[in-house]
Amino acid sequence: GILLHSPIVSESTYYNDILGNAEIPQEKLEVYYEEGSTLEAGLQQLKLQAVAMAGRCSILILDDDLGLTQGRQVIPMPLALQAVRLALVEAGLAHIDIGISTYDIAESHDASVLFAMGASFVFPKGVYSAIRGYGKDGTLEVPKSPEDKPFPTKLGRWSFAPTQVKGAQ
């Protein structure tokens, strides 16, 4: 297994200790559905894929930008997590840890919702991308669109207790 000092993992922890750990069998699951399809159909497909992958891993990572191309729609992470968690429980695979890798985290409440729904850890890659441009004055220049000038935004502080991810146990 692996001891995470926080269930909100850093880039180093995510890439080195989780993805880079060959002793922990893991699978990454793309969280999207095809344009022209329905969200319901996308969730059903996600559930089938999750159960199939869970037989090969001890950590299933839901990722909202794997395979995302034009013509595909992202499934909102709380919906994806709930569908996957339910499918795993129904298949007798509730012991599988579910990790989240998402751009859809803006504050600690967003991560807390995912933990309450059963996520073992969250990698808020959008926050870490933004932090690279975080200024000493506590503001972050985030453009509204490519044509607009940036506007200042504050990022919150997070504090969580250590958590244990079973991993290869």
Side-chain angles (χ1 to χ4, degrees), residues 1-15 17-21 24-35 37-69 71-131 155-156 158-169:
I2 178 174
L3 175 65
L4 300 176
H5 297 287
S6 169
I8 296 180
V9 298
S10 67
E11 288 181 302
S12 174
T13 298
Y14 183 69
Y15 290 112
D17 300 336
I18 297 172
L19 294 184
N21 190 336
I24 299 176
Q26 55 197 275
E27 293 282 342
K28 286 180 101 175
L29 182 56
E30 302 170 337
V31 180
Y32 68 86
Y33 63 100
E34 298 293 335
E35 195 171 284
S37 181
T38 65
L39 176 59
E40 183 179 5
L43 288 168
Q44 289 302 324
Q45 182 64 30
L46 188 68
K47 289 165 66 172
L48 293 172
Q49 291 173 335
V51 170
M53 288 179 162
R56 304 187 301 261
C57 68
S58 57
I59 298 176
L60 187 60
I61 300 171
L62 306 184
D63 195 316
D64 64 9
D65 77 337
L66 279 179
L68 189 60
T69 59
R72 293 180 173 172
Q73 302 294 318
V74 173
I75 297 173
M77 198 55 78
L79 293 177
L81 175 58
Q82 186 62 27
V84 168
R85 172 59 65 204
L86 181 60
L88 293 178
V89 168
E90 289 174 348
L93 299 167
H95 63 281
I96 302 295
D97 282 310
I98 301 176
I100 306 293
S101 176
T102 183
Y103 282 101
D104 197 22
I105 298 284
E107 60 176 338
S108 58
H109 174 77
D110 299 333
S112 297
V113 167
L114 296 174
F115 295 132
M117 296 177 74
S120 300
F121 67 85
V122 172
F123 174 56
K125 57 187 159 190
V127 171
Y128 286 114
S129 295
I131 287 174
L155 294 180
W158 295 339
S159 176
F160 292 94
T163 187
Q164 176 73 34
V165 175
K166 294 179 286 297
Q169 295 180 356

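Heavy-atom basis, side chains included; hydrogens, waters and symmetry copies ignored.
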Original post:
Pick from V84, I98, I61: which one makes a side chain to side chain contact (heavy atoms under 4.5 Å, CB included) with L29?
Top reply: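 Only one of V84, I98, I61 forms a side chain to side chain contact (heavy atoms under 4.5 Å, CB included) with L29, namely V84.
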Side chain to side chain, [X] and [Y], heavy atoms closer than 4.5 Å:
| X | Y | value |
| --- | --- | --- |
| R56 | P25 | no |
| L19 | Q26 | yes |
| V51 | M53 | no |
| L39 | I75 | yes |
| F121 | I8 | no |
| D97 | S58 | no |

About how many Å separate [atom2] of [Y] and [atom1] of [X], when rounded to the nearest 0.5 Å?
| X | Y | atom1 | atom2 | answer |
| --- | --- | --- | --- | --- |
| E27 | I59 | CD | CD1 | 11.5 Å |
| S10 | D17 | OG | CG | 7.5 Å |
| Y33 | L46 | OH | CG | 12.5 Å |
| L114 | Q82 | CG | CD | 11.0 Å |
| L93 | R85 | CG | CZ | 10.0 Å |
| L62 | K28 | CG | NZ | 11.0 Å |

Distance-minimising heavy-atom pair for [X] and [Y]:
| X | Y | answer |
| --- | --- | --- |
| G42 | S37 | N-OG, 4.5 Å |
| V31 | A80 | CG1-CB, 3.4 Å |
| E30 | Q49 | O-OE1, 4.4 Å |
| I96 | C57 | CD1-O, 3.2 Å |
| A54 | L88 | CB-CD2, 3.6 Å |

Original post:
Using the ring of each side chain (for Trp, its six-membered ring), is Y14 parallel, tilted or perpendicular to F123, with breaks at 30° and 60°?
Top reply: parallel
Original post:
How would you list, by chain and number, every residue that makes a side-chain hydrogen bond (donor to acceptor under 3.5 Å, both in side chains) with E34, sequence neighbours excluded?
Top reply: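 side-chain hydrogen bond (donor to acceptor under 3.5 Å, both in side chains) check on E34 returns R72.
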**OP:** State, without any angle test, whether K125 and T102 hold a side-chain donor-acceptor pair at a distance under 3.5 Å.
**Re:** no
Is there a donor-acceptor pair closer than 3.5 Å between any side-chain N or O of [X] and the backbone N or O of [Y]?
| X | Y | answer |
| --- | --- | --- |
| S112 | S108 | yes |
| D64 | V74 | no |
| T38 | A41 | yes |

